[in-house]
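All remarks here apply to the structure that follows.
Counting convention: from 1, in listed order, for ligands and their atoms alike.
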Amino acid sequence: MKFKSIGVFDSGFGGLDILKGIVKKLPEYNYIYLGDTARAPYGNRSQEKIFEFSKQAVDFLFAEGCELVIFACNTASSDALRRIQQEYLPKKYPNKRVLGVLIPAVEESVTKTKNSKVGVVATVATVKSEAFIDEFKKVNPKVKVFQKACPLLVPIVESGEIKNPATDIIIKNYLKPLIDKKIDTLVLGCTHYGLLENKIKKAVGPSVSIVSEARVVPDKLSQYLKRHSEIERKLGKNKKIRFCSTDITDSFQKLGSLFFGKNIKTEQVSL
Ligand code: DGL
């Protein structure tokens, strides 16, 4: 069933946290969520693969009626978005748009930091791409950015081990180098880290502000739609939501519902 909508894409189900915030802020629109669960996680993959998979996701979502697609996935936003915007869309879909989650997080961090030292925690691929560093340079080159890849955190969330006491120790170890650099703002640069926010907050202490994309992106999208009426006009407004994934696993149903905040029914699709 096709309908004019906003697409939200993630490697798996973590992006449902972002979708939840977007639907709350902008309930009138139609949405299609796509999680590439058959090939997730993306965070340890090469840039080429992430680009190829993200392009297929874009093709699928546009074919299903999306006018605008949000990459809720930081790894796809870091490793594929710029090429998709600059090379792929102009050739194949000149009237459609794809946006990511990095710029909203960077803009928010720049307004929050007082000492101009910002930490970013993310997947290995996101850190390696240096996309966050590039975006900070564009928005405010004076801000010093300290990145830390946290490859164990996605598997911890996906295996339901958030409450395991070892998780606190792992988080503390990952964050220590950033705390030593005296950051006063920390970007949660991965869809899954929202579920670990309380533990991360405890580890960094009250003097560090946390930037959560799930809180920032909905407002930024709302402002974008106000500025871009040519896109906004084309969006369907029937409050329909479709959830699609490339593999239906128990964890997609279980953790997906946890991230989205209510039970979801998923359709299996192939890209
Ligand atoms: N969605 C990814 C991100 O935000 C995390 C999971 C993965 O590695 O695919 O970077």
* **Sub-3.5 Å N/O-N/O distance, Gly43 and ligand 1** => yes
* Pair Thr126-Ser129, side-chain donor/acceptor within less than 3.5 Å -> no
* **N or O contact, Tyr42 vs ligand 1, cut-off under 3.5 Å** => yes
* To do: Could you tell me whether Asn74 approaches ligand 1 through its side chain, its backbone, both or neither, with non-hydrogen atoms closer than 4.0 Å?
  => both
* Structure fact -> heavy-atom search around atom 6 (C) of ligand 1 in the protein gives Ser11 OG, 3.6 Å
* Could you tell me whether Cys190 approaches ligand 1 through its side chain, its backbone, both or neither, with non-hydrogen atoms closer than 4.0 Å? => both
* **Glu108 and Lys112 ion-paired at < 4.0 Å** => yes
* Side chains of Tyr193 and Glu213, donor plus acceptor under 3.5 Å -> no
* To do: Apply side-chain hydrogen bond (donor to acceptor under 3.5 Å, both in side chains) to Tyr93 and list each qualifying residue two or more places apart in sequence or on a separate chain.
  => Asp59
* Structure fact -> One finds that the ligand 1 atoms under 4.0 Å from a non-hydrogen atom of Asp10 are 1 (N)
* When hydrophobic residues are tied together by side-chain contacts of less than 4.5 Å, even through go-betweens, does Leu271 share a cluster with Val98? -> yes
* Asked: Can you find an N/O atom of His192 closer than 3.5 Å to an N/O atom of ligand 1?
  -> no
* Asked: Among all protein non-hydrogen atoms, which one is nearest to atom 10 (O) of ligand 1, and what is the separation to 0.1 Å?
  -> Thr75 OG1, 2.6 Å
* **Cation-pi, Tyr88 ring and Lys55 (6.0 angstrom, 45 degrees)** => yes
